[in-house]
2 protein chains.
Amino acid sequence: MQITRAGEYGVLGLLNLARRAPAELVMIDDVSRQEAIPKSFLAKIFQSLVKAGIIKSTRGSGGGFALAKAPEQISVLQVIEAIEGKIAFQRCQQEEPDCEHVGGCALCSLLGEAQDSLKEVFSKTTLADLLKPKTAPGQNHRRGNLQKLAETN
Amino acid sequence: MQITRAGEYGVLGLLNLARRAPAELVMIDDVSRQEAIPKSFLAKIFQSLVKAGIIKSTRGSGGGFALAKAPEQISVLQVIEAIEGKIAFQRCQQEEPDCEHVGGCALCSLLGEAQDSLKEVFSKTTLADLLKPKTAPGQNHRRGNLQKLAETN
DNA sequence: GTCTCAAAGGATAGTTTTTGTCCGATTTAT
DNA sequence: ATAAATCGGACAAAAACTATCCTTTGAGAC
């Protein structure tokens with residue numbers, strides 16, 4: 001139950017682009033080096049993002065990648081789904097439309113709810129939000145987690 | 001981004017037990033057949049649930065499994081974490097405590113939020129809830145999803 | 001006691017997904 | 001032309017998931 005590295009790399013790569021001038025063309029090699037992401041892997045990830053219309057690419061000498069939209073208009077959900085495919089918790093209604101599990105459909109409902117909840121978190125956050133130096137007061141999850149770690153150690 | 005089959009089987013297996021008389025001992029073979037889950041696999045899954053104290057087992061002739069607590073006291077989160085391990089979205093603070101990603105910590109925060117959101121959904125729902133014939137009005141996610149399917153097809 | 005039944009636990013194997021790598025093709029600027 | 005850079009597909013290694021099998025352990029029946 002995790003985001004894949006590909007998804008994570010995708011977001012980090014996009015944030016790298018977002019930190020620059022709006023239409024600046026950046027080579028995969030630069031992003032790869034600065035974010036410590038394997039180059040060939042990042043290239044594949046960026047390909048998906050191009051297909052999804054999130055970044056645009058220019059080939060040839062002097063080419064590279066740039067965001068296709070403003071960071072405010074790119075949600076983390078868009079990025080993750082472009083890379084990993086649509087978030088789909090419910091096996092029932094995706095692969096097995098004829099859910100035969102006794103009482104299984106209640107589980108399907110729950111999985112649907114979980115999925116919606118996750119999607120909401122990822123869709124309400126844009127790249128621009130992630131670039132802001134601090135999270136809003138009362139929503140600082142990093143601090144919360146550090147506290148938890150302190151408790152258990 | 002999915003629950004594993006093991007997790008799903010675990011919940012379905014437990015629901016099977018929950019539908020019976022409180023302390024009735026049920027053999028793995030019965031559950032396996034009724035829920036159409038591979039027997040050996042379910043055996044492994046139930047082992048995890050025993051270790052987690054969610055079910056109790058009796059060996060030997062006439063033995064089997066029964067819930068260790070009332071269905072109202074078993075949350076889906078407990079079940080999933082017993083089988084799949086703790087839900088942990090944040091690679092940063094789990095495996096790589098020294099998060100070096102430029103701007104990566106904002107992502108860590110977001111993943112933390114996603115994780116909490118998911119956990120809440122799974123922890124607020126118990127086996128007893130899943131046994132209820134209908135979900136509460138206004139929370140019928142199944143209907144919601146069927147509508148979505150109807151739209152896209 | 002010993003026989004049988006059923007779970008416990010470990011080893012192992014097959015499949016799928018993830019995480020890359022490599023290389024030739026294509027496009028672009030110079 | 002040539003060099004630079006992405007595109008696209010094939011391929012490979014590693015990890016996770018999904019089982020299966022077999023021996024051991026514990027409990028009850030006789």
Side-chain angles (χ1 to χ4, degrees), chain A residues 1-13 17 24-33 35-68 80 82-88 91 94-96, chain B residues 1-10 12-13 17 24-33 35-68 80 82-89 91 94-96:
Chain A
M1 184 70 65
Q2 258 194 175
I3 258 193
T4 63
R5 289 216 181 259
E8 193 177 319
Y9 289 162
V11 174
L12 294 173
L17 298 187
E24 182 183 344
L25 284 181
V26 191
M27 289 184 304
I28 206 91
D29 217 49
D30 291 347
V31 180
S32 156
R33 222 176 306 108
E35 305 291 337
I37 298 171
K39 178 183 166 181
S40 316
F41 196 24
L42 185 61
K44 280 277 179 281
I45 294 166
F46 269 22
Q47 276 187 33
S48 309
L49 295 174
V50 169
K51 273 186 205 154
I54 293 170
I55 56 181
K56 53 185 199 290
S57 66
T58 308
R59 279 151 86 147
S61 183
F65 297 91
L67 295 186
I80 291 177
I83 295 168
E84 302 186 0
K86 281 203 161 278
I87 290 180
R91 239 185 285 269
Q94 305 285 333
E95 307 158 19
E96 305 160 9
Chain B
M1 184 71 65
Q2 258 194 177
I3 258 194
T4 63
R5 288 213 184 262
E8 194 177 318
Y9 289 162
L12 294 174
L17 298 187
E24 182 183 344
L25 284 182
V26 190
M27 289 185 300
I28 205 89
D29 216 49
D30 291 346
V31 181
S32 156
R33 222 176 306 107
E35 304 291 337
I37 299 171
K39 177 184 167 181
S40 320
F41 196 24
L42 186 60
K44 281 277 178 277
I45 294 166
F46 269 21
Q47 276 187 35
S48 309
L49 295 174
V50 169
K51 272 186 206 156
I54 293 170
I55 56 181
K56 54 184 198 295
S57 66
T58 308
R59 280 149 85 144
S61 183
F65 297 90
L67 295 187
I80 291 177
I83 294 169
E84 302 187 0
K86 280 204 160 276
I87 290 181
F89 269 62
R91 241 185 283 268
Q94 306 286 331
E95 306 159 20
E96 305 159 7

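Naming convention: chains lettered A, B, ... in sequence-line order (proteins, then strands); numbering from 1 in each chain. Note: hydrogens, waters and symmetry copies are ignored here, and every other heavy atom, side chains too, is used.
- Note: CD (A:Gln2) to C1' (D:dA15) measures 12 Å, nearest angstrom.
- Judged as a side-chain contact (heavy atoms from CB on, under 4.5 Å), and not counting sequence neighbours, B:Arg59 has no contacts.
- A distance of 4.5 Å separates OG1 in A:Thr58 from CG in A:Leu25, rounded to the nearest 0.5 Å.
- Atom-to-atom, CG of A:Leu42 to C1' of D:dC7 comes out at 14 Å; the value is rounded to the nearest Å.
- Considering CE of B:Met1 and OG1 of A:Thr4, their distance stands at 7.5 Å, rounded to 0.5 Å.
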* **Heavy-atom protein contacts under 4.0 Å, nucleotides 19-30 of chain C, coded B base, S sugar-phosphate only, - none** => SBB----BBBS-

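- To the nearest 0.5 Å, atoms CG (B:Leu12) and CG (B:Leu17) are separated by 11.5 Å.
- Taking atom CG of A:Leu25 as the reference point, atom C1' of D:dA5 lies 11 Å away to the nearest angstrom.
- Distance B:Phe65 CZ to C:dA7 C1': 5 Å, rounded to the nearest Å.
- Residue A:Gln47 places none of its side-chain N or O atoms closer than 4.0 Å to OP1 or OP2 of D:dT6.
- Across the protein-nucleic acid pair, B:Leu49 atom CG and C:dA8 atom P stand 11 Å apart, rounded to whole Å.
- Atom CD1 of B:Ile45 is separated from atom P of D:dT18 by 8 Å (rounded to the nearest Å).
- Atom P of nucleotide C:dG9 and atom CZ of B:Phe46 are separated by 15 Å, given to the nearest angstrom.
- Contact annotation: the side chain of A:Ile83 never approaches that of A:Tyr9 to less than 4.5 Å [non-hydrogen atoms, C-beta and beyond].
- Contact annotation: the side chain of A:Glu8 never approaches that of B:Phe89 to less than 4.5 Å [non-hydrogen atoms, C-beta and beyond].
- The CE atom of B:Met1 sits 14 Å away from the C1' atom of C:dT17 (whole-angstrom rounding).
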